[in-house]
Every structure is written in C-alpha cells, then in structure tokens.
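Naming convention: chains lettered A, B, ... in sequence-line order (proteins, then strands); numbering from 1 in each chain.
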Protein chains: 2
Amino acid sequence: MHEPISLATLRVAIDPERLALLGDDLRAAGLRATRPRELLYSILKAIGGHRSVDDLLGLLAQVDETLPRMSAYNVIADLERVGLVRRSGAGGSRAVLYEVKADNHHHFVCRSCQAVFDIPADTPPAIPDEHHLPGLIEESEIIYRGLCRDCVAIETAANDE
Amino acid sequence: MHEPISLATLRVAIDPERLALLGDDLRAAGLRATRPRELLYSILKAIGGHRSVDDLLGLLAQVDETLPRMSAYNVIADLERVGLVRRSGAGGSRAVLYEVKADNHHHFVCRSCQAVFDIPADTPPAIPDEHHLPGLIEESEIIYRGLCRDCVAIETAANDE
DNA sequence: CGCCCAGTTTTGAGTAAGTATAATCTTGAG
DNA sequence: CTCAAGATTATACTTACTCAAAACTGGGCG
C-alpha cells in the first residue's frame with residue numbers, strides 16, 4: 001500500500017545539520033527543539049505523504065533511531081497542536097494518518113486499498129450558507145472517493161475470470 | 001459528544017413491521033434479510049448521524065437486542081459493500097463511523113470534540129483535471145474543519161479566565 | 001558557566017476497536 | 001427433505017492508542 005522509502009532518503013532525514021535547521025522551525029512554532037521532535041518532523045517532511053505514527057517509527061528504526069511509541073504520540077500531538085502537522089482527515093485506514101501542513105490540496109481515497117493521494121487544489125471549496133454552519137470553519141478540503149488505478153485493474157481482472 | 005437517544009426512538013427502530021419493511025430494502029440490495037442486518041440497518045437509519053459499530057450495539061442493548069460484536073462488524077461490512085451504508089470519512093474519532101447513504105451532503109468536523117455535523121450540499125465539489133486523477137472517482141464530499149459552537153464557547157471561556 | 005525547573009521524554013501497564021479462524025446455525029433451491 | 005452456500009457466533013488475538021508517574025533535559029537566569 002506504500003511505495004518503499006529508500007535508505008538514502010532516510011539517512012538524509014536524520015542528518016544533524018538538517019535536524020538543526022528544523023529545530024529552528026520548532027522553536028519558531030513555540031516548541032522546545034528536542035531530538036524526538038526533530039526526528040519525527042524531519043522524517044515526515046522528508047518522505048511526504050500520509051503516514052501513521054507507527055510508519056514513522058518503523059522508518060526511523062531502519063536508520064537506528066528508535067523511539068518509544070509513547071514519545072512519538074506525544075510529539076505528533078505537539079506538532080499538530082502548533083500547526084506544523086495536520087491529521088489527514090481522509091480516514092479509511094485504521095490508524096490515524098498525519099501529513100506536514102503545506103499548501104492546500106485535496107485528497108483522493110481508494111475505497112478498496114485505502115491509499116490516499118493528493119490532488120492539487122486549483123480552487124478552494126465553496127463556503128456554505130452562514131446559517132447552516134455549526135461553528136467556525138478553519139480549513140476545508142474536498143475528499144474524492146473511488147478506486148485507484150491499481151484497484152480498478154484488480155476488479156476488472158476479477159470480473160473477467 | 002452525542003446527544004442521548006430516547007428509548008422511544010429505539011423501540012420504534014426495532015418494531016417488527018418496520019424491520020420487515022427494511023428487510024425488503026436488504027433483499028433489493030442483494031442481501032438476505034436476516035435479523036442482525038435488519039436490526040443494525042434499522043437503528044442506524046432511525047437515529048441518523050455518524051455512529052461506530054459499538055454505538056449501535058450499545059443502543060440495541062438498551063432495548064434488549066444484544067448481538068455479538070463480530071456479527072455487527074460482518075453486517076456493517078455487508079451493508080457497506082452493497083451501498084446501503086457508507087463509512088464516514090470525517091475521521092477524527094478513534095472508531096470508524098458509519099452513516100446511512102442518503103442524498104449528498106458535506107461534513108463539518110470539530111477539531112476539538114471531534115463531533116461531525118452534516119452540511120446540506122447545494123453544489124457538488126468541482127472535479128479536478130483528468131490527468132491529476134489517480135483513479136476513478138465514485139463520489140466526493142467537502143470536509144470543513146474548525147471549532148463547533150460549543151467548543152468556541154469553551155475556548156473563549158478558557159482565554160478569559 | 002552552571003543551576004534549575006517547567007516542559008519533555010520515557011517506562012510500563014492498560015483499554016478500545018478491529019481482525020482471524022473456525023465451528024455452528026439457517027435458508028431456500030432442487 | 002436435503003444439502004451446500006450463506007450467515008452468524010465463539011474464542012482468541014492484534015493493533016493503535018491512552019494513562020499515570022517517574023526520569024530526564026533545553027534553555028532562561030543569575
């Protein structure tokens with residue numbers, strides 16, 4: 001369900017200079033720059049996409065940077081709170097997925113394999129009538145659901161047998 | 001996080017006549033009309049909203065209709081497969097939530113209490129450029145994120161102390 | 001520079017939600 | 001009535017996440 005990440009990418013992600021730079025981002029966001037935070041933020045930024053906490057820990061472990069799971073949950077919660085990372089609302093998979101907050105884009109979710117794809121956002125979604133709103137909108141995205149190309153292929157193959 | 005459901009509503013949901021009617025829906029969708037399916041479909045339809053499997057079992061238990069959890073998961077998976085029920089993509093809460101498939105609407109998710117609200121859909125979201133698509137779109141919705149009125153009140157109260 | 005302590009990380013135990021497997025029951029076509 | 005496909009249930013297990021409390025540390029201050 002995820003393309004493999006090269007070891008080279010992972011090694012770049014934990015380069016001390018890079019970590020120091022990202023540490024500045026953390027301080028700018030109002031967080032103390034600690035190693036677990038630098039590592040997790042760096043790797044999520046390096047590999048991109050929509051990842052679970054366990055994905056991130058697993059990748060870090062591949063380059064001998066092991067962290068307790070609890071630390072990762074704490075760190076991700078902090079990053080989310082200060083707005084460096086957002087929960088990917090796409091849902092579908094069991095685990096909660098996160099992505100670095102960047103320019104707006106929408107999401108396509110495959111109903112079969114649950115993979116999440118980014119869709120460039122040319123236009124932001126329409127804002128509904130004031131009186132329908134149950135609160136204060138802070139951001140919005142479109143979620144497209146359907147079958148990704150791979151799963152379309154699998155389904156047609158199954159139907160032709 | 002959920003307004004309580006009245007016992008009266010629950011009793012209506014398990015009325016034998018109603019179940020028989022919904023049984024027709026099940027058969028029309030290509031499923032055999034069994035009691036667990038009628039019960040779960042009926043109660044989700046009766047109470048509306050976005051519910052987890054355990055929510056539904058708990059409500060049924062209140063009117064002495066207990067089902068094994070495994071049955072509920074099987075039933076919901078079947079209902080989803082034939083399109084009577086959809087996974088609510090809103091995410092946020094730990095459990096997967098389901099809703100009966102009805103006319104299109106969008107969702108507002110509170111980032112604090114994770115409550116999900118329906119927003120009437122006047123217009124369907126725009127379809128992105130063909131060549132950006134990673135597959136076949138079957139449906140789409142807009143997800144608005146922010147703070148619901150209750151949580152806005154809580155936050156302003158906390159800031160004023 | 002070195003001390004301090006609120007903010008972080010870590011440890012270990014616990015829980016909720018969902019999955020796997022296989023046995024048993026039901027139902028309707030023939 | 002029979003039997004196989006379909007549906008339900010029991011049991012055990014895994015995964016993703018939470019909680020509480022102890023241990024540690026980044027960075028402001030003297």
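Of all non-hydrogen atoms in A/R51 and A/I47, the two that sit nearest each other are NE-CD1, 3.6 Å.
A close approach under 4.0 Å does not occur between any side-chain nitrogen or oxygen of A/R69 and OP1 or OP2 of D/dT18. Distances shown here put every side-chain N or O of B/T34 at or beyond 4.0 Å from the OP1 or OP2 atom of D/dA7.
A/V53 comes within 4.0 angstrom of nothing in the nucleic acid, heavy atoms only. Residue A/R27 is in sugar-phosphate contact alone, with no base atom involved, counting any heavy-atom pair closer than 4.0 Å across all strands shown.
Between B/E80 and B/R86 there is no salt bridge, since no side-chain nitrogen of the basic residue lies less than 4.0 Å from a carboxylate oxygen of the acidic one. The existence of a salt bridge linking B/E99 and B/R87 is excluded, since no basic side-chain nitrogen approaches an acidic carboxylate oxygen closer than 4.0 Å. Between B/R37 and B/D25, none of the side-chain N atoms (NZ, or NE/NH1/NH2) sits under 4.0 Å from a carboxylate O, so this pair counts as no salt bridge.
Distances were taken from every side-chain heavy atom of B/Y73 (C-beta onward) to each of C/dT8, C/dG18, D/dC17; the shortest belongs to C/dG18. Taking the side chain of A/M70 as heavy atoms from C-beta on, and the options C/dT9, D/dA7, D/dA20, the nearest nucleotide is D/dA20. Looking at the side chain of A/R94, the nearest of the listed nucleotides C/dT10, C/dA17, D/dC17 is C/dA17. Set against D/dA10, D/dA16, C/dT10, the side chain of A/P68 has C/dT10 as its closest nucleotide.
Side-chain N/O atoms of A/D118 and A/H106 include no donor and acceptor closer than 3.5 Å. In this model, a donor atom of one side chain and an acceptor atom of the other lie less than 3.5 Å apart for B/S42 and B/R18.
Between the side chain of B/R32 and the base of C/dT27, no donor-acceptor pair of N or O atoms lies under 3.5 Å.
Looking at A/L84 and A/V100, their side chains never come closer than 4.5 Å, going by heavy atoms from C-beta outward. B/L60 is listed as a side-chain neighbour of B/L40, based on a closest heavy-atom distance under 4.5 Å.
In this structure, B/E38 places its CD atom 14 Å from C1' of C/dT27, rounding to the nearest Å. Distance, B/L39 CG to D/dA7 P: 16 Å, rounded to whole Å. Taking atom CG of residue A/L40 and atom C1' of nucleotide C/dT9, one finds them 12 Å apart after rounding to whole Å. To the nearest angstrom, P of D/dG6 lies 10 Å from CZ of B/R81. Between the CG atom of A/L67 and the C1' atom of D/dC24 there is a distance of 15 Å, rounded to whole Å. Computed from coordinates, the A/D78 CG to D/dG26 P distance equals 15 Å when rounded to whole Å. Spacing between atom CZ of B/R37 and atom P of C/dT26 amounts to 15 Å, rounded to whole angstrom units. Rounding to whole angstrom units, CG of residue A/L57 and C1' of D/dT15 are separated by 14 Å.
Along DNA chain D, the nucleotide nearest to B/V75 and the one nearest to A/N74 differ in position, and the one closer to the 5' end is contacted by B/V75. Heavy-atom nearest nucleotides on DNA chain C were determined for B/A33 and for A/R35, and the one closer to the 5' end corresponds to A/R35.
With axes fitted over five pairs at each extremity, the angle between the ends of the helix from C/dC1-D/dG30 to C/dG30-D/dC1 is 30° (10° resolution).
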